[in-house]
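So the structure is just underneath, and the comments pick up after that.
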Amino acid sequence: MVKLRLKRCGRKQRAIYRIVAIDVRSRRGGRDLRKVGFYDPIQNQTYLNVPAIRYFLEKGAQPTGTVHDILRKAELFKERTS
């Protein structure tokens, strides 16, 4: 099973997270299938590769809670609920 989850990058006390598609059995810093975006909580910046995210969601990937909130703020789910 594939999940969309955060992978920590950056330096100490200055975390930046990559949003990655990764196998459920992999650890947080493990090898990812594909990088689909990043999230900087300090500067509140987000970059999303929307076609790649939609591809993985259509194939059955489950976003974690935090990634789901990020995608909802970006209004990625707005078309699906209509």
Side-chain angles (χ1 to χ4, degrees):
M1 184 175 168
V2 176
K3 280 204 173 222
L4 296 175
R5 67 184 187 200
L6 298 175
K7 185 175 186 179
R8 191 178 196 276
C9 300
R11 56 191 163 126
K12 191 174 14 174
Q13 303 294 321
R14 184 76 175 90
I16 294 175
Y17 297 93
R18 283 190 183 144
I19 302 170
V20 296
I22 194 166
D23 187 26
V24 168
R25 296 167 290 188
S26 297
R27 50 199 167 102
R28 182 190 72 188
R31 184 180 172 116
D32 50 59
L33 300 174
R34 186 164 179 193
K35 297 174 185 80
V36 294
F38 82 87
Y39 171 61
D40 185 354
I42 296 172
Q43 295 183 359
N44 202 16
Q45 291 181 337
T46 305
Y47 168 77
L48 301 173
N49 185 350
V50 177
I53 292 172
R54 285 211 173 116
Y55 169 79
F56 281 107
L57 290 174
E58 288 171 2
K59 295 294 182 182
Q62 296 293 316
T64 60
T66 308
V67 173
H68 186 272
D69 291 343
I70 292 169
L71 297 178
R72 191 179 60 215
K73 284 180 186 174
E75 299 180 352
L76 192 67
F77 296 120
K78 196 164 198 160
E79 295 174 5
R80 298 181 117 197
T81 58
S82 297

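Positions are given from 1, in the same order as the sequence printed here.
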Can you tell me how far SG of C9 sits from NZ of K35, rounded to the nearest 0.5 angstrom? 8.5 Å

Looking at every non-hydrogen atom in both residues, tell me the closest pair between I42 and Q13 and how far apart they are. CD1-O, 4.2 Å

Run the side-chain contact (heavy atoms from CB on, under 4.5 Å) check on T46 and K73 step by step: do they pass? CA-CA 10 Å; T46 305; K73 284 180 186 174; over 6 Å; no

Begin with the C-alpha distance, continue with both residues' side-chain angles, and end with the deciding distance and a verdict on side-chain contact (heavy atoms from CB on, under 4.5 Å) for V67 and L6. CA-CA 7 Å; V67 173; L6 298 175; 3.9 Å; yes

Starting from the C-alpha separation in whole Å, work towards a yes-or-no answer on salt bridge (Lys or Arg N to Asp or Glu O under 4.0 Å) for D40 and R18. CA-CA 9 Å; D40 185 354; R18 283 190 183 144; over 6 Å; no

My understanding is that a hydrophobic cluster links ILVMFWY residues whose side chain heavy atoms are under 4.5 Å apart, including indirect links. Using that, what else belongs to the cluster containing F38? I16, Y47

With a cut-off of 6.0 Å (strictly less than), are more than 12 heavy atoms of other residues, nucleotides or ligands near CZ of R31? no

Looking only at heavy atoms, which two atoms of N49 and R34 are closest? And how far apart? ND2-NH2, 3.7 Å

Are the side chain of K7 and the backbone of G30 linked by a donor-acceptor contact shorter than 3.5 Å? yes

Does the side-chain contact (heavy atoms from CB on, under 4.5 Å) test come out yes or no for L4 and Q62, once each step is laid out? CA-CA 6 Å; L4 296 175; Q62 296 293 316; over 6 Å; no

If every non-hydrogen atom of P41 is compared with every non-hydrogen atom of A15, which pair is closest and at what distance? CD-O, 3.7 Å

Walk me through whether I22 and V2 qualify under side-chain contact (heavy atoms from CB on, under 4.5 Å). CA-CA 6 Å; I22 194 166; V2 176; over 6 Å; no

Are more than 12 heavy atoms, taken from residues, nucleotides or ligands other than R8, located less than 6.0 Å from that residue's CZ atom? yes

So if you build clusters from Ile, Leu, Val, Met, Phe, Trp, Tyr with side-chain heavy-atom gaps below 4.5 Å, do L71 and V20 land together? no

Could you check whether any side-chain heavy atom of L48 comes within less than 4.5 Å of a side-chain heavy atom of I19, counting everything from C-beta outward? yes

